[in-house]
Amino acid sequence: MDNQIIVKNSGFIELPKIVDGDDGTISIAENLRHIPFEIKRVYYIYNLNNPKAIRGKHAHKQLEQVLFCIAGSCEIGIDDGTTEQTVTLDNPHLGIYLGTELWHTMKNFSPGCILLVLASDFYSENDYLRDYDEFKNYLNRPKTQEELE
Ligand code: TYD
């Protein structure tokens, strides 16, 4: 796996883990401690029976998310409009932070893969940029004074 994320607004998040040998492991994610935002929504993606499935293919204007592959493995493609990178997630305690304005894809799901997502806000379709050209135009939009500060 890439051990450094160079795409902007993103990075690895390593959760603490408590290892009980053969009796299992606990990983812990606490609000504003391990996760850099208030978690308002949790969702998970499973039944990924089509190994050729490509999910995501969008960016968010405001939403921040952290993705954990809590079973199996998959690849996360991230693109800030300038730099692209593909990161393999294959360890339940090592997640990826996806900040705003990142085109992302999830793919190459292993059998039994489960993706757990912690999100900074409720679901809102208005926050999605689902077309790549729309994403690029959004990045190049004239910025408001508030955005520039
Ligand atoms: P989407 O975010 O595009 O999924 P992915 O990024 O995994 O490919 O969402 C797929 C569909 O599910 C879309 O119609 C919106 C709906 N959805 C909700 O209603 N609520 C949610 O919290 C999420 C994540 C998706």
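First listed ligand is number 1; within each ligand, the first listed atom is number 1. Keep in mind that this is a model prediction, so the values were computed, not measured.
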Self-check item: Residue portion contacting ligand 1 (non-hydrogen atoms closer than 4.0 Å) for Lys57
Solution: neither

Quiz prompt | ligand 1 contacted by Tyr128 (non-hydrogen, < 4.0 Å) | solution = yes

Quiz item: Does the protein put any heavy atom within less than 4.0 Å of atom 5 (P) of ligand 1?
Solution: yes

Quiz item: Take atom CZ in Arg141; do more than 12 heavy atoms of anything else shown fall under 6.0 Å from it?
Solution: yes

Exercise. Return a yes/no value: protein heavy atom under 4.0 Å from atom 22 (O) of ligand 1?
Key: yes

Quiz item: Side chains of Glu14 and His93: do they bring a donor and an acceptor to under 3.5 Å?
Solution: yes

Quiz item: How does Ile45 reach ligand 1, if at all, at less than 4.0 Å between non-hydrogen atoms: by side chain, backbone, both, or neither?
Solution: side chain

Quiz item: So is Arg55 polar-close to ligand 1, meaning N/O to N/O under 3.5 Å?
Solution: yes

Quiz item: Is the count of non-hydrogen atoms from other residues, nucleotides or ligands lying under 6.0 Å from Tyr46 atom OH greater than 12?
Solution: no

Quiz item: Can you find an N/O atom of Gly56 closer than 3.5 Å to an N/O atom of ligand 1?
Solution: yes

Quiz item: Taking atom types as modelled and ignoring hydrogens, do the side chains of Tyr128 and Glu134 form a donor-acceptor contact shorter than 3.5 angstrom?
Solution: no

Practice problem: Check step by step if side chain to side chain contact (heavy atoms under 4.5 Å, CB included) holds for Ile54 and Lys52. | Solution: CA-CA 6 Å; Ile54 302 181; Lys52 293 194 176 144; over 6 Å; no

Quiz item: Between Phe135 and Tyr132, does the ring centre distance come in under 6.0 Å?
Solution: yes

Exercise. Check whether the side chains of Asp127 and Gln62 place a donor and an acceptor atom closer than 3.5 Å, and report yes or no.
Key: no

Quiz prompt | atom 17 (N) of ligand 1 - nearest protein heavy atom and its distance | solution = Tyr123 CE1, 3.8 Å

Practice problem: Taking atom CD of Glu146 as the centre, report whether more than 12 heavy atoms of other residues, nucleotides or ligands fall under 6.0 Å from it. | Solution: no

Quiz item: With a 4.0 Å cut-off, strictly under, does atom 11 (C) of ligand 1 pick up any protein heavy atom?
Solution: no

Exercise. May I ask you to check whether Arg41 has an N/O atom sitting below 3.5 Å from an N/O atom of ligand 1?
Key: yes

Exercise. Would you check whether Arg130 reaches within less than 4.0 Å of ligand 1, judged by its heavy atoms?
Key: yes

